[in-house]
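This report refers to the structure that appears directly beneath it.
Naming convention: chains lettered A, B, ... in sequence-line order (proteins, then strands); numbering from 1 in each chain.
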Protein chains: 2
Amino acid sequence: MLSKKTQYAFKALTYLAEQEKDLPVLIAEISKKKKIPLKFLENILLELRKAGMLESKKGKGGGYFLKQDPTKIPLSKVMRLIEGPIALLPCVSLNFYKKCKDCDEKNCGLNHVMIEVRDNMLQILENKTVADLTGK
Amino acid sequence: MLSKKTQYAFKALTYLAEQEKDLPVLIAEISKKKKIPLKFLENILLELRKAGMLESKKGKGGGYFLKQDPTKIPLSKVMRLIEGPIALLPCVSLNFYKKCKDCDEKNCGLNHVMIEVRDNMLQILENKTVADLTGK
DNA sequence: CGTATTGCGTTTTCTTAGATAGCATGATTT
DNA sequence: AAATCATGCTATCTAAGAAAACGCAATACG
């Protein structure tokens with residue numbers, strides 16, 4: 001299951017993608033509309049900004065807005081950033097690989113199955129983008 | 001990612017499936033061979049027994065052994081028992097469904113994508129069984 | 001300047017994973 | 001029946017991580 005944090009990230013990005021381009025939106029507005037705890041959301045948006053997906057503007061008329069085109073942000077990117085690995089096992093992760101202690105991967109049935117699962121998940125998550133989440 | 005507990009469950013089941021049928025195996029042996037903390041493994045095996053996958057025998061010559069044929073134990077069943085939901089969101093889970101507070105599922109893009117992901121995962125996890133994990 | 005807004009480190013709270021301990025219970029052997 | 005082997009069960013501990021809240025600094029704008 002995805003953590004609440006990741007779920008919030010998706011909701012916030014969706015909301016921003018539905019707004020007018022380059023129009024700063026208050027954290028408080030997103031928080032209210034999407035029922036996300038304000039301070040928690042603050043951290044999430046900051047992470048997304050640091051990763052280059054969002055831009056922010058301080059002061060009056062400030063807020064957050066998308067830096068990248070929503071069609072250019074695959075869901076897998078958001079997941080890896082906020083959630084971590086997409087794969088179900090470390091020994092099967094492309095971006096967060098960690099070797100299995102006690103199994104020879106070539107001969108590990110579990111490894112093979114989980115690679116298959118991973119590939120199936122990625123095939124969707126790499127191709128669907130934030131733009132696909134909006135009601136537009 | 002799967003919890004250690006679920007990973008251990010898979011390893012233990014795999015080990016048992018590789019043994020001679022109906023031959024009790026000591027918890028200690030599984031623990032040693034698969035490098036699983038003994039007492040933790042005890043709990044896991046107990047859960048699997050209660051779920052009807054394993055049988056146990058006390059006393060000398062006792063131990064655990066498979067009750068069901070490994071080809072009859074889909075990986076999804078183990079995951080749901082030990083890990084919980086397979087789906088990435090509660091509002092998309094078949095066995096652990098929980099309604100989303102603030103979204104109308106019919107019009108929620110995230111919901112739709114995650115249903116697709118779930119179905120792709122299940123297509124594999126429902127069809128692969130413990131027997132597919134063994135080196136046999 | 002003054003106000004609005006994000007930036008960000010810190011702290012708190014809560015939950016869960018993971019691991020530990022100990023005694024009860026049942027089966028087998030002698 | 002006694003000794004021994006092995007699981008059954010429950011209670012508890014610790015650490016880590018998720019979720020959320022706090023307070024103030026920094027910045028931008030008018």
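- Taking atom CD of B:E47 as the reference point, atom C1' of C:dA17 lies 13 Å away to the nearest angstrom.
- Separating the CD1 atom of A:I82 from the P atom of D:dA19 is a distance of 11 Å, rounded to the nearest angstrom.
- Within the 4.0 angstrom heavy-atom criterion, only backbone atoms of the sugar-phosphate kind lie near A:I27; the bases stay farther away.
- The CG atom of A:L110 lies 11.5 Å from the NZ atom of B:K128; values are rounded to the nearest 0.5 Å.
- No side-chain heavy atom of A:L2 sits under 4.5 Å from any side-chain heavy atom of A:I82.
- Put simply, CZ on A:F40 is 17 Å from P on C:dC8, counting in whole angstrom units.
- To the nearest 0.5 angstrom, A:L13 atom CG is 6.0 Å from A:I73 atom CD1.
- An OP1 or OP2 oxygen of C:dT5 is reached within less than 4.0 angstrom by no side-chain nitrogen or oxygen of A:S56.
- Remark on DNA chain D: of its neighbouring residues A:K58 and A:K5, the 5'-side contact belongs to A:K5, judged by nearest-heavy-atom nucleotide.
- One can place NZ of A:K57 at 17 Å from C1' of D:dA26, the figure rounded to the nearest angstrom.
- Rounding to whole angstrom units, OH of residue B:Y64 and P of D:dT7 are separated by 7 Å.
- Across the protein-nucleic acid pair, B:L54 atom CG and D:dA6 atom P stand 18 Å apart, rounded to whole Å.
- Distances shown here put every side-chain N or O of B:R49 at or beyond 4.0 Å from the OP1 or OP2 atom of D:dT7.
- When each of B:L46 and A:P37 is assigned the nucleotide of DNA chain D with its nearest heavy atom, B:L46 is the one assigned upstream, toward the 5' end.
- Residue B:M1 contributes atom CE, which lies 15 Å from atom C1' of C:dG18 at whole-angstrom precision.
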Original post:
What's the verdict on salt bridge (charged side-chain N to carboxylate O under 4.0 Å, His left out) for B:E47 and B:K50, showing C-alpha distance, side-chain angles and the deciding distance?
Top reply: CA-CA 5 Å; B:E47 273 191 69; B:K50 282 179 180 167; over 6 Å; no

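- To the nearest 0.5 Å, atoms NZ (A:K39) and CG (A:L41) are separated by 11.0 Å.
- Rounding to whole angstrom units, NZ of residue A:K4 and P of C:dT15 are separated by 12 Å.
- At the heavy-atom level, B:L45 lies nowhere under 4.0 Å from the strands shown.
- At a cut-off of 3.5 angstrom, counting only N and O atoms as typed in the model, there is no donor on one side facing an acceptor on the other between the side-chain of A:K50 and the base of C:dG7.
- Along DNA chain C, the nucleotide nearest to B:G61 and the one nearest to B:E83 differ in position, and the one closer to the 5' end is contacted by B:E83.
- Two residues, A:E42 and A:K60, neighbour DNA chain C, and the one matched to the more 5' nucleotide by heavy-atom proximity is A:K60.
- The side chain of A:Y8 places an N or O atom within less than 4.0 Å of a non-bridging phosphate oxygen (OP1 or OP2) of D:dA20.
- In this structure, A:L38 reaches neither bases nor backbone, as no heavy-atom distance under 4.0 Å exists between it and the strands shown.
- Candidate nucleotides D:dG23, C:dT29, D:dA19 were compared by shortest atom distance to the side chain of A:K39, and D:dG23 ranks first.
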